[in-house]
Amino acid sequence: MVEDTKLLIIGGGPAGLTAGIYAARAKLDPILIAGPLPGGQLTGTSDIENFPGFPEPQAGMQLMENMQRQAERVGTKIVLDEVKSLDLGRRPFSATVSSGDEYRARSIIFATGAKPRMLGVPGEKEFLGRGLSTCAVCDGAFYRGKEVAVVGGGDSAMEEAGYLAKICRKVTVIHRRSEFRASKIMIERVRAMPNVEWELDSAVTAIIGDNARRVVTAVVVKNLKTGAEKKISVAGIFLAIGHTPETSLVKGQVALDEEGYIVVNERQETSVPGFFAAGDCHDRRWRQAVTAAAFGCSAALEAERYLTREGLA
């Protein structure tokens, strides 16, 4: 099957679904390819407290299901498939999905997100979203007054540690080296906090928790110089070892930065006219559901203006 559309949206997280809502209301009849994880990273989050409009915590899966129903109600066509190849070298653009179907689009909003780098240690999969987090701003409030650990040595790790130190009883920073990639001023700022402790030249070898209650209780740390292992009691663990943007489909077709994030301007425009990006595939700084949604809104508004200006709407 080959289907033509004014606007194709690739990605079913907050950015893509918000783009779908705005594009459908603009009568662009958008088609949204939801990808391998419909709903995006939020579907693995147990409770979300910081998405505006909900006075009570929302389960990530429920929030994204509601967003998808809203997008469908206003006219977005949701396709539960994954784009396997994308051709931006011809007009209309062409995207082929796993089923073999082809979608040809006059404009595309690319909202595939990014995935956090993981440690690959025992307990990681079991407790992700249940004591193991990749975002202190998202989940830190759940550990107010408790003891937590931050894994990483870059600016992000120092930001996470500094944020958590203000609300948690104790923060243990675990880093594989004694030297840091973080800026000197950020390290000094965190070192000045009295409730931050350091496990340097050390690596996490396991995450321990209570499977029945589905909570983390400790982290096992190995000193890489001595080989000695010890268990540190914590209620939460925050990974800050980087993210990998999901941009392999467009590598060599649009401008990417040195880490693979799509380069956009203030209008969400990429180096290819008519091809827009929204959310964590370009946002290396904020990585929040609400900012992803805002980027999706901007991309849809700009896509509508592009299509109208080019006589393609």
K.L.:
Starting from Leu32, can I reach Met67 by hopping between I/L/V/M/F/W/Y residues whose side chains sit under 4.5 Å apart?
P.N.:
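Met67 clusters together with Leu32.
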
K.L.:
Let me check something: do Ile9 and Leu37 share a hydrophobic cluster, defined by ILVMFWY side-chain heavy atoms less than 4.5 Å apart, either directly or through other members?
P.N.:
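Different clusters.
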
K.L.:
Not counting sequence neighbours, which residues clear ring-ring contact (aromatic ring centres under 6.0 Å, His included) with Trp198? List them please.
P.N.:
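Testing Trp198 for ring-ring contact (aromatic ring centres under 6.0 Å, His included), a comparison that skips the adjacent residues, returns Phe180.
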
K.L.:
How would you list, by chain and number, every residue that makes a ring-ring contact (aromatic ring centres under 6.0 Å, His included) with Phe238, sequence neighbours excluded?
P.N.:
Tyr143

K.L.:
Test: ring-ring contact (aromatic ring centres under 6.0 Å, His included). Region: residues 81-134. Which pairs qualify, not counting sequence neighbours?
P.N.:
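Output for this query lists Phe110-Phe275.
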
K.L.:
With a 4.5 Å cut-off on side-chain heavy-atom distances among I, L, V, M, F, W and Y, is there a chain of contacts connecting Ile109 to Val83?
P.N.:
no

K.L.:
Side-chain heavy atoms under 4.5 angstrom apart, residues restricted to Ile, Leu, Val, Met, Phe, Trp, Tyr: same cluster for Ile31 and Leu249?
P.N.:
yes

K.L.:
Going by disulfide bond (SG atoms under 2.5 Å apart), name the residues that satisfy it together with Cys297, two or more places apart in sequence or in a different chain.
P.N.:
none

K.L.:
Should the heavy atoms of other residues, nucleotides or ligands under 6.0 Å from CZ of Arg284 be counted, would the total exceed 12?
P.N.:
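Above 12, so yes.
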
K.L.:
Applying ring-ring contact (aromatic ring centres under 6.0 Å, His included), name anything that partners Phe276, two or more places apart in sequence or on another chain.
P.N.:
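With sequence neighbours excluded, Phe276 shows a ring-ring contact (aromatic ring centres under 6.0 Å, His included) to no residue whatsoever.
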
K.L.:
Checking side-chain contact (heavy atoms from CB on, under 4.5 Å) between Glu199 and each of Asn223, Ile232, Val173, which is the one that passes?
P.N.:
Ile232

K.L.:
Ile237 versus Ile174: any side-chain heavy-atom pair under 4.5 Å?
P.N.:
no

K.L.:
Is the closest side-chain heavy-atom distance between Thr172 and Val221 below 4.5 Å?
P.N.:
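A side-chain contact is absent here, since even the closest heavy-atom pair is not under 4.5 Å.
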
K.L.:
Should we say atom CZ of Arg285 is surrounded by more than 12 heavy atoms from elsewhere, each under 6.0 Å from it?
P.N.:
no

K.L.:
Are Leu256 and Val263 in one and the same hydrophobic cluster, where Ile, Leu, Val, Met, Phe, Trp and Tyr link if side-chain heavy atoms are under 4.5 Å apart?
P.N.:
no

K.L.:
Applying salt bridge (Lys or Arg N to Asp or Glu O under 4.0 Å) to Arg169 and Glu147, what does each step give before you reach the verdict?
P.N.:
CA-CA 5 Å; Arg169 184 165 66 247; Glu147 298 186 1; 3.6 Å; yes

K.L.:
Partners of Asp210 by salt bridge (Lys or Arg N to Asp or Glu O under 4.0 Å), sequence neighbours excluded?
P.N.:
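Here the qualifying residues are Arg213.
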
K.L.:
Does a side-chain heavy-atom distance below 4.5 Å link Met64 with Pro14?
P.N.:
yes

K.L.:
For Arg69, does the CZ atom have more than 12 heavy-atom neighbours from other residues, nucleotides or ligands under 6.0 Å away?
P.N.:
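Correct, the count exceeds 12.
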
K.L.:
Counting heavy atoms not belonging to Glu56, are there more than 12 under 6.0 Å from its CD?
P.N.:
no

K.L.:
Test side-chain hydrogen bond (donor to acceptor under 3.5 Å, both in side chains) on Asn66 and Gln70 and set out the steps.
P.N.:
CA-CA 6 Å; Asn66 289 343; Gln70 183 180 3; over 6 Å; no

K.L.:
Quick one, Thr308 with Glu304, criterion side-chain hydrogen bond (donor to acceptor under 3.5 Å, both in side chains). Give me CA distance, side-chain angles, the key distance, then yes/no.
P.N.:
CA-CA 6 Å; Thr308 299; Glu304 191 274 334; 3.0 Å; yes

